[in-house]
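In what follows, a structure is listed as structure tokens, so that the remarks can point back to it.
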Number of protein chains: 2
Amino acid sequence: MTTPQPFAHRFSQLAEQRSPFCLGIDPSRDLLTRWGLPDNARGLRDFCERVADAAGSSVAVVKPQSAFFERHGPEGLQVLQELMRRFKSVGTLTLLDVKRGDIGSTMEAYAETVFGEGSAYEADAATFTAYLGLGALLKTLERARASGAAAFLVVRSSNPEGTSLQMSRGEDGRTVAEALADGLRAFNEKPGQDAAPVAGAVMGATLPDSDRGVIERLGGALLLTPGIGAQGAGFDDLKRLFAGREAQVIPTATRSVLEAGPDTAALRQALERHLAPARAFRATARPS
Amino acid sequence: MTTPQPFAHRFSQLAEQRSPFCLGIDPSRDLLTRWGLPDNARGLRDFCERVADAAGSSVAVVKPQSAFFERHGPEGLQVLQELMRRFKSVGTLTLLDVKRGDIGSTMEAYAETVFGEGSAYEADAATFTAYLGLGALLKTLERARASGAAAFLVVRSSNPEGTSLQMSRGEDGRTVAEALADGLRAFNEKPGQDAAPVAGAVMGATLPDSDRGVIERLGGALLLTPGIGAQGAGFDDLKRLFAGREAQVIPTATRSVLEAGPDTAALRQALERHLAPARAFRATARPS
């Protein structure tokens, strides 16, 4: 068993070779119905096979949302395993969107579920939340590092209901989001270790300019930015919000691609409409 | 399909008939090893069967921690389904500890996974977290209500790493925990609906007295209090912290029971050591 290259390095390579674009995979009941598929594990499997056929090896990352697989019980999670393996087999990075967050001993079990050879999902990355504190997630980050994976914590979400908690202030005057950003950066910049950042941040693509300060505090962390397309953000929002950080951004869209299905050619076209702008966005990071 | 009685009513009945005690079920690698079982789905199933044999119909509630089942992939979740069904068959309430927390559309899928007839787990209750805001969980609470279930949100955890976030203050001066407590109470007390509280709170059993204010703000919400026994709290902590609220408390212990295994008689004895004090604690709520 050899540790793979760090996620951040593998992402950079694929972003150059393919596109930095990340395809979210949300097989919701609504989408299954639109695609004329039954709302069960068989429909779920058909959905995923069509998405994988259409995506081929065109994207750097795929991000399946676990909830839409869990809905179908153990069979749904078999489909998730198959999907992860299929994308892995064509060299695509798998980022499992599970948003787990609990005390340390429970988080160890979750980390063992998603990260590392022989784990249930062998994900290249996964998402987490920190209501129980960043300290409870440190072993998760350590396991991600040891597995060549990355762990993305929600720092600022773009849903309006999240703002009041995330902008509350601790005794030292920092907001919850700022304190979390500082903690992730400190983990990434701990001396004496590989420079590849393991701790990433989920940052909504529709955040206001006032959140640029939080982005600065994150230093070199990778930035997963869901919400392009159907959630209202465009690549212009990314340019505004993440200016100077373009090479760290993983631009992510879900519904604006998947709604083009079930036809494979139509899906491929919708995907193409995201791949090129994502490449162009990343290219603005380079000195001319 | 008929809606079952609300969770709060069913809990009260069982608390009187049996004991209010809730048995946490955490089949960690450490415990599987101590019990001489293999760290795989077969070992997991043996573990759960022994726990169910020992518990019989003695407790009001069981609280399986999902992470320790998810670790074993789809097979582990089959074991979880079997465990839930077995306890349901003897009239015990099942509280699935999943701590899910995401945006609203994803939360709908999680709520459909755990609550309601025909869902993957048909849980009587489940746990959630609110880093993305209470607003993102409202439909989850609504689905819990429609299913006769309860949804427990982490308000104050007893792990020290959680304090800084949970005690941060919003613009209106309330802490994150206080604002969440007020929101849960408002949901429970919305006019024109059944008086049974659907929104519960996870409140660590080792919290300091300064958290009594948050407990007061929760009004009549049910209070899930993990951490008795191995995590350092005793029934004396419950008496101190939850004085006047005893009938709302679901006293929960996990390791202090499970560490007595694998012998069924020893497990039963360890369980008995919790059932009677839990009954006595609840009895202090009654006017003499």
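Values reported hereafter were calculated over all heavy atoms of this structure, with side chains retained and with hydrogens, waters and symmetry mates removed. Labels below follow one simple rule: chain letters A, B, ... track the order of the sequence lines, proteins then strands, and each chain is numbered from 1.
Only the side chain of A:Q65 has a heavy atom closer than 4.5 Å to any heavy atom of chain B. Only the backbone of A:S105 comes within contact range of chain B, judged by heavy atoms closer than 4.5 Å. Residue contact with chain A, scored on non-hydrogen atoms closer than 4.5 Å, is absent for B:E171. In this structure, chain A has a heavy atom under 4.5 Å from the side chain of B:R100, while its backbone stays farther away. Using a 4.5 Å cut-off between heavy atoms, A:S119 makes no contact with chain B at all.
The two residues A:T113 and B:A67 have their closest heavy-atom pair at OG1-O, 4.0 Å. Across all their heavy atoms, A:Y121 and B:G73 have their closest contact at OH-CA, 4.5 Å. Nearest heavy atoms, B:L132 versus A:T129: CD1-CG2, 4.0 Å.
Within residues 25-32 of chain A, the residues approaching chain B closer than 4.5 Å by heavy atoms are, in numerical order, A:R29.
The line from CD1 of B:I103 to OG of A:S158 is 7.5 Å long, rounded to the nearest 0.5 Å. With rounding to the nearest 0.5 angstrom, the NZ atom of A:K99 is 6.0 Å from the OG1 atom of B:T106.
The residue among B:G135, B:P160, B:S164, B:A120 with the most heavy atom pairs within less than 4.5 Å of chain A is B:G135. Of the listed residues (B:V98, B:D102, B:L80, B:L138), the greatest number of heavy-atom pairs within a distance under 4.5 Å of chain A belongs to B:D102. Counting heavy-atom pairs closer than 4.5 Å to chain B, the top residue among A:M167, A:Q166, A:R156 is A:Q166. Each of A:H72, A:Q81, A:M107 has some count of heavy-atom pairs under 4.5 Å with chain B, and the biggest count is that of A:Q81. Per-residue heavy-atom pair counts under 4.5 Å with chain A were compared for B:A111, B:S66, B:G76, B:A136, and the maximum is reached by B:A136. Highest contact tally toward chain B, considering only A:V155, A:T163, A:L134, A:T175, is held by A:V155 [criterion: heavy-atom pairs under 4.5 Å]. The choice from A:D172, A:L77, A:L165 that makes the most heavy-atom pairs within less than 4.5 Å of chain B is A:L165.
Side-chain atoms of B:L180 and A:Y131, non-hydrogen and from C-beta on, do get closer than 4.5 Å to each other. Looking at B:P74 and A:E75, their side chains never come closer than 4.5 Å, going by heavy atoms from C-beta outward. Between A:R169 and B:S168, every side-chain heavy-atom pair lies at or beyond the 4.5 Å cut-off. Put simply, the side chain of A:L137 does not reach to within 4.5 Å of the side chain of B:E161, judged on heavy atoms.
With sequence neighbours excluded, the residues forming a side chain to side chain contact (heavy atoms under 4.5 Å, CB included) with A:A144 are A:F115, A:A149, A:A151, A:V198, listed by chain and number. Scanning for side chain to side chain contact (heavy atoms under 4.5 Å, CB included) contacts around B:R217 gives B:R174, B:E178, B:A181, B:D182, with sequence neighbours left out.
Within the structure, salt bridge (Lys or Arg N to Asp or Glu O under 4.0 Å) contacts touching residues 124-143 of chain A (residues at least two apart or in different chains) are A:R10-A:D124, A:E108-A:K139, A:E142-A:R145, A:E142-A:K190.
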